[in-house]
Each structure stands twice: as structure tokens, then as C-alpha cells.
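Below, chains carry the letters A, B, ... as their sequence lines are ordered, and counting in each starts from 1.
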Amino acid sequence: MSMDAASKEPLYGFLPRRVKGNQVRKAMEHELNPFTKQPHTAQYRKILATRQKLPVFAQMDEFLKMFSENQVIVMVGETGSGKTTQIPQFVAYSDLPHTRGKIVACTQPRRVAAMSVAKRVADEMDVQLGRQVGYSIRFEDMTEPGTTFLKYMTDGMLLREAMNDPRLERYSTIILDEAHERTLATDILMGLLKNLVKQRSDLKLIVMSATLDALKFQKYFGLRSDTTAPLFKVPGRTHPVEVFYTQEPEPDYVEAAIRTVLMIHRAEDPGDILLFLTGEEEIEEACRKIKIEADDLTNQDPDSVGPLQCIPLYSSLPPQQQQRIFDPPPPPRTSTGPPGRKLVVSTNIAETSLTIDGIVYVVDPGFSKQKVYNPRIRVESLLVSPISKASAQQRAGRAGRTRPGKCFRLYTEKDFMKELEEQTHPEILRSNLSNTVLELVKLGIKDLVHFDYVDAPAPETLMRALELLNYLAAMDDDGNLTALGSMMAEFPLDPQLAKMLITSTEFKCSNEILTITAMLSVPNIWLRPNNQRREADAAKAKLSVPDGDHLTLLNVYNLYKLNEHNKGWAWQNFISQRSMIQAENVRNQLQRVMERFEIDSISVTDEKKLYQNIRKALVCGFFMQVAHKEGEKGSYMTVKDHQVVGLHPSCGLETQPEWVIFNEFVLTTRPFIRTVSELRPEWLIEIAANYYELESFPDGETKRALQRVINKRAGRPVAEIGYATKRSGKQLAAEIESANNGRPVKKQKTGRGG
DNA sequence: CCCCTGGGG
């Protein structure tokens, strides 16, 4: 080669996937940016100098060699190793995707991470964000087709893409980051990609995780049963954290936590504190108590105890208040007084999603709220449960980000060793999988039971999902995706909502159902501040429609749009502006999908008819979520499952109608149904005849009431809309049975209680 | 007479 070519072409002599460390280092030091051909900026050189100090940088040669020689690599890198920013760049230099029209993708479990890492890496590579380096998350595609060759994205986004391109042909290398978090999307992607690398020898895969899970992934991605995928290991760069345990178990962890925080504040050196609690109410209560006691301490002993600033942190807090965690600690009261201290009281949002610098002390009571799914009663609920060892370690690590720290665990060392699980159960074992199953079937996975999961979900959970999809006519009796099901999978919605939205044109109210669907897909829109409950309830009552909560949601959205010019409208009506903006975004996105399928957005003009049709459309998706009033005390019984439920206090119905349809079942102090509308029982017979075949119903008031409706209707024709197909169940049972190692599956009795 | 741990499309 001539010196001339090398001086103008930083990547001269690079052979894809056979690139060596010294070549890359030279290219990075080159006067020209190899990807833009522009001279490097001064900022680039400054950032490069700091990059070169990262632990992972010292192992570039080793990494590139392993990347050249292997199709799949498992990599572990602890906090501070620089793996998320550097490894994708190393890969880009070796893979040279830009020369082949390909993309290197790096997935993240969270949107903020995908955005902020992409920004950082664009700076490091001296390119404009959204050009050579970009990101892709829901509602925001910050990439340029043909130009972007390094893309950070959420795991859910890559899964969506796989539905339309199961071979993921655009990608030359896929990097799954934070795989140890085991999100639903990452788990499904691991299964798909394990299969895909066998079919696409040109596709490389890197799975990045924390140390504890590495061997599991190495085994999973071993090409044969007796081999493991190679491991690439990078040390982290954190400070030591000293861990303390209690001598005896603490009967009341909130009380113990408050005591420990005050002890630290009184006796330990300066440095901020992070306390983990389980939920909003607990956090606000603890903050109140700590503030009172800390103020007392400071007043009693102003020369040795400084001021304590208490900051709550949980996801439903407005972003502006969340920002407070980055405020500096309060100043001393007097110029010679003891320094102030910051205390952040947080849910496990601070365990992975948000990093607070300056934390030196962590107080860990050992609990968090975790989602659990009970397939027998088809209910997801949140339970306060002990955390795993991995979580406890993650929490402790939060004390050592800026200097050596201390972690106070409010449980005994013996309990830590003996009682805590190694890992938090992956989400796939704790969730309702109806959405996931629809996605998998759309991806062409026919045999769901024998799919190669990292951890296989309970057969009964799969059965529940298949059963629901079959009732919704998304799948036929042979387990094939129907045309309707294929369309449903394209909507970023739960199957019930997708079905309701698609079929709503038949009732000439798709415009309204589109709004309702969007409103049901965002967090609670109703604000209820502690000190203004009465005002909030009154505002809500004014917006409520007597026929049901679904129509109230529609009403709120329409009024919100009518008052768009009035900035204060949401606040004055105790409505969450944040949720409304989100609903608007979701609605637009759904409308685009509808347009793609040429589903018209229409409204019947007769208002009375419109309101009735809307509730009929609800039945198309939610006929399995119906309850019948039994007895006089306002208690309801869900159909078929025979669960006794109450109307949730947030429900806006004026009366207690005999029949109601509900959006969700929540198990809190007792079972409640939430977001409820009145319905006429004849709609059930008309719209979901197969589900409402009475032979399969348990005896009781509900069945008798339905029988009366059927008798009255006898001889009248049924409408031809939104029918659920007849379900044989045989095929499902066979699948489940084989998954159960040939043992027959016990027939589940539907009954009360959890 | 109540809850929304956290994340994703």
C-alpha cells in the first residue's frame, strides 16, 4: 500500500472481522474521522483520552481476536467497565457495517438508556447523533436509513422489527446489553437469536450481562449440548463497599430503616444516603417521619448534627421533582456548622434505572414490590417480596460509585445466605403471556411449548394465553394464526384491546374506540393529591359519564382536546397532563397502524346509538371480563371464574348495574374490578356466542340470568360480528400434556380465592 | 374507602 492511501483512508487495509487492535488504535488516532472523512475535532481527542483509561480499552486486542474467531460471545463487564459505550464501537471497527449496508445494533431494556448512550457514543465517534450513530425507541426513530450503522435501541423495538423481518437481515451484529435483567423482550430475543445464528452464519451475537448469570448464558448459547459459548470478561471500576447486617431479624422494616438513617446521619462521616422502600405511600410516610426526627436532632445538637434533606423518588413523580435527586446536599446552617446531608428515599427505580452520584451510604431493608402472575385466576398483582441476592448486591453497589461506601442491610447475614434467592425470577415466569404468545406466533414459532426458552414459563401460563387468543379468534383451533390475529399482532397493544379496536369499525365507532384504547394504554390519568382529595373527587365527578368509566375516558380526552389552547385545563381538573400527552402519542401511533390496514376511523352520527355501539365494541375484546351483580350488598361475581369482586372505589358508575364489563381485575386489600361500564347481557349472546355457551358455565345466578336472556331471544337471528371461533380445546390440552412430560394435565376447577 | 415496584411496544 502506498503511504498516500493510508494517510487519506484511515481504514485502509481493514478486512471485515479480521481487524486487529493496533489497526483500530491507529485509526482512532488518525487525523481524519474514518466514517465522515472530516478532520477530528479537539473534543474528540479529549474524549478519546478518557476512553483510553477505561478497563475495557486495555482489552481491545483480546476482544477483537475473540470477535474474529466466534459467532457468539458472552461478555461480562461490571459497572464502570465502559462496555456499553466501547464494545459496540470496537465491533463497528471490526465489522465495518457501513461498507456493506449493514447495521450493528445494541439493545437496552430502557428508553432513556438507549437515548443517552447513543448520544454519548455519537460524541465519542465525532459524528452527529442520528446520522452514523443513532437510536430507535417507540415514538422516536433517531436514525438515517443508509447512513446509520451503529444503532442503540430498546429490546422491545428489536422484537417488533423481528415480526416483519424474522431473519433481521439489516443487522450484521446484534449486541444484547443488560441481559441479566431478563426483561420479557430480552428473553424472547435470546430464544430467537439462538435459532437465527444457526441459520445465518453471517450474523454475530454478543450477550452482555452481570457476572452471576454468565455461565447460564454460556451454556444456553453453546453450539452443542456439551460446549459453552466463549466468555469475555472485563473488570469493573468501582469502590469497595463495606456491608453490615443486623444481629436479629427486624420485625418492622420501615421503622428499622428510619432508625438506621438517623443513626447514619448522627454518627457517620459526610456523604449522601440512599434508602430503598417499596412504594409511593411508604416512601412519603417515611419521608415525613424522618424529616420531623432529623429536624429535632439538628435543633437539639446544632454543633454536631447538620441539616438533612429528604427526597422521595418513584416513577409516578413528575420529572421535575425526580430531578431533585441531583440537587447538591443542603448547606450547613451556619458557616462553621456541620455540613448538610441528602437522603433519597426510593423504590427500586434507583436500583437500575437511575444513578445518583455522591451516594456513600445505602440502607437496604431487603424488600421490593414484584409482579406475580397467577394463571389459575388469570391475575397479575404486585406483592411486597424479599429481593434476590443479585438485587441486594446491585443495591450495595450504589454506595460505591464515587468513593468507598457502606451498605446497611436490615436483615441477618444468615438470612442473606440462606433465605434470599440467587436471582430475581425473570419476568417471563411472572407475567401474563397473552401478548408475548401472539408475538411469538406472529414470528412463526408454531410450537410454543417446545420453544427454546432460557427459562420456560409454566405450561398453564401458555395455556391461558392460547385459550384467550383462541377465544378472541386470533388463533384457530389448530393453533394457527388467523388473519385477524396477524393484524392484532401489529398493534402495540394487549390482544383484547387490539381485537376491540380492529372490530370497532363494524360498530361505526372506531374513532371513539381508538381514543378509549389509547386512554387505557397509559398510566392513570386521575390526580388525587393527599391534601386536595375532596376537590379532586369533585372534579372527577363532573367529568364522569353515568354509563361507565370507558365513556368517561372518552369524554375526558375530547374535553382535553377542546381545551388544548388552555394550558391550565388538565391541572384545574385534576388530570395528569403527562398521561394525556402520552395518550395523544399512543392514539396517533395506533391511528397510523390502522391506516396501514385501511381500517377506517368512523363515528355514527346518532349520539345515543354511538354510546351504545361503543359499549358493544368493548364486548368484542373484553367478553371474558364480565361480572354479574349477586346479592344486595353490591358485590359482583365474574362470569365463569366465579370470583367475588367489588367495584373499585375509583369507579364512576352512578348505580350498580346488573351486568358490567371491566378493564382490569386488581387484587389489593380485596379483589376489585377497575374501569367498569354497564352492559346489556344480550350483547354477550350476540357478540361472543361461543364463549357464552351455557353448558360450560358453573351453576348459579349468573347462568340462570343468562338463560333467561337466551330464552327471551329465542328464534331471533344473531349478528355476524366479531365472533369468537368455537374452541375444541383438545389440541391445546395435547400440547400442554406433552410439555408436562406426558402426564395428563389436571383439570383446573374454577373457584374462589387466591 | 383505594393504589402505581420497574420497564417495553
A:Asn348 side chain, from C-beta outward: closest of B:dG6, B:dC2, B:dG9: B:dG6
Ranking A:Pro492 and A:Gln370 by the position along DNA chain B of their nearest nucleotide, the one closer to 5' is A:Gln370
A:Glu161 atom CD is separated from B:dG8 atom C1', nearest whole Å, by 14 Å
Non-neighbouring partners of A:Lys369 that pass side chain to side chain donor-acceptor pair (under 3.5 Å), sequence neighbours left out: none
Whole Å only: how far is the CG atom of A:Leu653 from the P atom of B:dC2? 18 Å
Have a look at A:Leu493 and say if it touches a base, only the backbone sugar-phosphate, or nothing, with a 4.0 Å heavy-atom cut-off. base
Nucleotide nearest A:Thr347 (side chain, heavy atoms from C-beta), chosen from B:dC2, B:dT5, B:dG9: B:dT5
Pairing of A:Asp455 and A:Arg182 as salt bridge, 4.0 angstrom limit: yes
What does A:Thr278 touch in the nucleic acid at a heavy-atom separation under 4.0 angstrom: a base, only the sugar-phosphate, or nothing? sugar-phosphate
Reckon A:Thr669 has a side-chain N or O less than 4.0 Å from the OP1 or OP2 of B:dC3? yes
Does a side-chain N-to-carboxylate-O contact under 4.0 Å join A:Arg288 and A:Glu284? no
Would you kindly give the CD1-to-P distance between A:Ile673 and B:dC3, to the nearest whole Å? 15 Å
Counting any heavy atom closer than 4.0 Å, what does A:Phe672 reach on the DNA or RNA strands: base, sugar-phosphate only, or nothing? sugar-phosphate
DNA chain B in dot-bracket form (Watson-Crick or G-U pairs under 3.5 Å, [ ] crossing, | inter-strand) is .........
Just to be sure I understand the rule, does A:Asp537 reach a base, reach only the sugar-phosphate, or reach nothing, if contact means heavy atoms closer than 4.0 Å? nothing
Only counting residues at least two apart or in another chain, list the ones meeting ring pair (Phe, Tyr, Trp, His ring centres under 6.0 Å) with A:His648. A:Phe672
Pick base, sugar-phosphate or nothing for A:Thr183, based on heavy-atom distances below 4.0 Å to the nucleic acid. nothing
Over all strands shown, is A:Leu382 touching base, sugar-phosphate only, or nothing at heavy-atom distances under 4.0 angstrom? base
In chain order, what residues pass the ring pair (Phe, Tyr, Trp, His ring centres under 6.0 Å) check against A:Phe451, with sequence neighbours excluded? A:Tyr453
Mind checking ring pair (Phe, Tyr, Trp, His ring centres under 6.0 Å) for A:Phe367 and listing every partner two or more places apart, or none if nothing turns up? A:Tyr253
Please examine the side chains of A:Lys499 and A:Phe622, heavy atoms only from C-beta on, and report whether any two atoms are closer than 4.5 Å. no
Determine whether any donor atom in the side chain of A:Arg674 lies under 3.5 Å from an acceptor atom in the base of B:dC2, or the reverse, and answer yes or no. no
Roughly, in whole Å, what's the span from CE in A:Met157 to P in B:dG9? 7 Å
Tell me: CG of A:Leu317 to C1' of B:dT5, nearest whole Å? 14 Å
A:Glu427 near the nucleic acid: base, sugar-phosphate alone, or nothing, with a heavy-atom cut-off under 4.0 Å? base
Specify the separation, in whole Å, of atom CG of A:Asp155 and atom P of B:dG6. 18 Å
Could you identify which residues of residues 108-119 of chain A place a heavy atom less than 4.0 Å from some atom of DNA chain B, listed by residue number, or say none? A:Pro109, A:Arg110, A:Arg111
Short side-chain N/O contact to B:dG6 OP1/OP2 from A:Ser315, under 4.0 Å: yes
Counting side-chain heavy atoms from CB outward, which of B:dG7, B:dG9, B:dC2 is closest to A:Pro649? B:dC2
What is the separation between atom CG on A:Leu184 and atom C1' on B:dG9, rounded to the nearest whole Å? 12 Å
